[in-house]
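Since the structure comes first, as structure tokens, the remarks are kept for the end.
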Amino acid sequence: MPQYETVIGLEAHVELKTRAKIFCDSTTEFGGAPNTHVCPVCLGLPGALPVVNKKVVEYAIRAALALNCKIAEFSKFDRKNYYYPDMPKNYQISQYDLPIAKHGCLEIDTANGVKKIGITRLHMEEDTGKLVHQGTITTTPFSLVDYNRAGVPLIEIVSEPDLRSPEEARQYMEKLRTVILYTGVSDCKMEEGSLRCDANISVRPVGTGGFGTKAEIKNLNSFKSLQRSLAFEAERQIKTLEAGGKIVQETRTWDEGKGETLSLRSKEYAHDYRYLPDPDLVPLLIDRQWVADIRNSLPEMPDQRRLRYVKEYGLPAYDAAILTNTKELADYFEECVKAYPHPKAISNWIMGDLNRLLNLHGIEITGCKVTPQNLASLLMLIGRGTISGKIAKTVFAEMFAGGKAAETIVKEKGLTQISDKRVIVAIVDEVLARNPGPVEDYKAGRERALGFLVGQVMKASQGKANPELANKLLREKL
Amino acid sequence: MITKKDVEHVALLSRLELTGPEKDMYTRQLNDILEHFQFLARLDTENVQPTAHVLPLQNVFREDWAGLHISREDALANCPDQEENYFKVPKIV
Ligand SMILES: [Zn+2]
């Protein structure tokens, strides 16, 4: 029995966050009552003429540069013909042989180190309308159509078939999302459909060249469903081949509930789009100065930023990867460092208590009530010994909930650490008197008893005793 | 060479219902058109750029300004069938 390897290529659709649609002035705003964000152009009424939104071209170039693509000098729009009521014109305006950008790449971190995934092309196109069915598409007696999304700008990013496992596919999509978010051209929300993905997958015996027959999987609206559906599909294909069967080139849809891919056996999905240049739209000659200006306006990208964090701040690679995962979190971190130049201490707090509370409450870093300055002040209080690390956690939770400054909370609650030797000595004496057993244990050489006694001192001081001092004084007394 | 099968395929893609004689006629006509292109293909186009558009225009842009849209009544005015402000279409697959 041969060993198989999986070959995957992904097509990602990213919705650009422009104000107006790609070829008309209708708003791109999400939601809205059905068929209210439409005009003669996006409804495909006779005589209406599309004109491309300049911001869409700029955003496409911006994303393409972030993905290391070459920007075309000459580009044009084409009609992709198909009969399906999600487009009122019976064609979708897309780009065929002269896309805005080609030949990019994206690096992902795999178990075997960094892997470069090729990007074949990036092109602009319009989104389609939304169909509403009663029940499923095959059982519904009719469909209802809302054209509010028709004409919303998209970029499609096509990868090379360089991915070799469902996990790599998920990593690629996550990295793509990170990079696009850094560029600011989309909010990349998979659950709202502003980032979507179709996958092409085939299997082949290890060591053979060429490709097996591929299946295309649609309807992947989360990273989890992407990875799960590909794992299912790879196994299905291998089982089919092992049983002496043949893979049929087809489109399959992922059924999240059943956890399986299902064939969409329909002539409607036949890929015969008869592309032709759209005569309503004139070609684009992309000015090199424009490209240079867009390139100069890009922020530092996550890969560079991560490397810089290791080099400049001496952070472990793990910390650097998490901190640079979103631009907002990385900016937050750097603001903290400016106010309190101890990167590792800040990183620990961000990756620890801060991230934990953000996840718990489903809040983004941009909505966090603890400002970088306030987090820095909290760490200063710990650094100076005003409060203990343990108390700091309580203070932080309160800062997170109410947005108050650390000093204010410490003052209001009287949480200042006790570093007065006389006060601690008194507590130590009391603890020793009340715990003759552990004292004997310690004297008999059981070090662990000391930990217990320190704990008792901390408890008696309501956590406010300076733990190092308590430790030291206990040892002296014993 | 275009066969009757090609014509049937293209007719299906375009949702056209053709009669037998029509299929024969279009097969003949489409082959005539192709033949004419073969005649054109004899021209030397070595130094001619492919034409992407017949007008000498490029880079016609609109600004990213959202505003113009039409009322829902107007949007649905030409629609043969509607329901709850949606366009209503027959079963698709
Ligand atoms: Zn419109």
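Note: hydrogens, waters and symmetry copies are ignored here, and every other heavy atom, side chains too, is used. In what follows, every chain begins at residue 1, and chains take the letters A, B, ... in the order their sequences are listed.
Residue B/Lys23 places its NZ atom among more than 12 non-hydrogen atoms of other residues, nucleotides or ligands, all under 6.0 Å distant. No more than 12 heavy atoms of other residues, nucleotides or ligands sit less than 6.0 Å from atom NZ of A/Lys130. With a 6.0 Å radius and a threshold of 12 heavy atoms from other residues, nucleotides or ligands, B/Asn78 has its CG atom at or below the threshold.
Looking at A/Leu98, there are no atoms closer than 4.5 Å to chain B (heavy atoms on both sides), in backbone or side chain. Proximity to chain B (any heavy atom under 4.5 Å) is restricted, for A/Lys76, to the side chain, taken from C-beta onward. Interface remark: A/Val132 contributes side-chain atoms only to the contact with chain B (heavy atom separation under 4.5 Å).
For the atom pair CG of B/Leu76 and OH of A/Tyr147, the computed distance is 10.5 Å after rounding to the nearest 0.5 Å. Atom OH of A/Tyr83 sits about 8.0 Å away from atom CZ of B/Arg15, to the nearest 0.5 Å. Note that the CG atom of A/Leu144 and the CD atom of B/Gln82 stand 10.5 Å from one another [nearest 0.5 Å]. Between A/Leu16 atom CG and B/Asp64 atom CG the span is 10.0 Å, to the nearest 0.5 Å. Between the OG atom of B/Ser14 and the CG atom of A/Asn81 there is a distance of 8.0 Å, given to the nearest 0.5 Å.
Side-chain contact annotation: B/His53 with A/Asp278, donor-acceptor N/O pair under 3.5 Å absent.
Of all non-hydrogen atoms in A/Pro283 and B/Ala52, the two that sit nearest each other are CG-CB, 4.1 Å. Of all heavy-atom pairs spanning A/Leu43 and B/Ile70, the tightest one is CD1-CD1, 3.9 Å. The heavy-atom pair separating A/Phe23 from B/Arg62 by the smallest distance is O-NH2, 3.4 Å. The two residues B/Asn59 and A/Val282 come nearest to each other via the heavy atoms N-CG2, 4.0 Å.
A/Asp25 places no side-chain N or O within donor-acceptor distance of the main-chain N or O of B/Ala66, the cut-off being under 3.5 Å.
Put simply, of A/Thr27, A/Leu284, A/Leu285, the one with the most heavy-atom pairs under 4.5 Å next to chain B is A/Leu285. In terms of heavy-atom pairs under 4.5 Å with chain B, the best-connected choice from A/Asp287, A/Ile286, A/Asp146, A/Thr28 is A/Asp146.
At a heavy-atom cut-off of under 4.5 Å, chain B is reached by A/Ala33, A/Pro34, A/Asn35, A/Thr36, A/Val38, A/Cys39, A/Pro40 from residues 31-40 of chain A, listed in order of number.
Two residues are said to be in side-chain contact when any heavy atoms from C-beta on lie closer than 4.5 Å; A/Val57 and B/Phe61 meet this criterion. Residues B/His9 and A/Asp272 form a side-chain contact, since some pair of their non-hydrogen atoms from C-beta on lies under 4.5 Å apart. Under the 4.5 Å side-chain criterion, counting only non-hydrogen atoms from C-beta, B/Leu13 is in contact with A/Arg274.
For A/Phe30, there are no ring-ring contact (aromatic ring centres under 6.0 Å, His included) partners two or more places apart in sequence or in a different chain.
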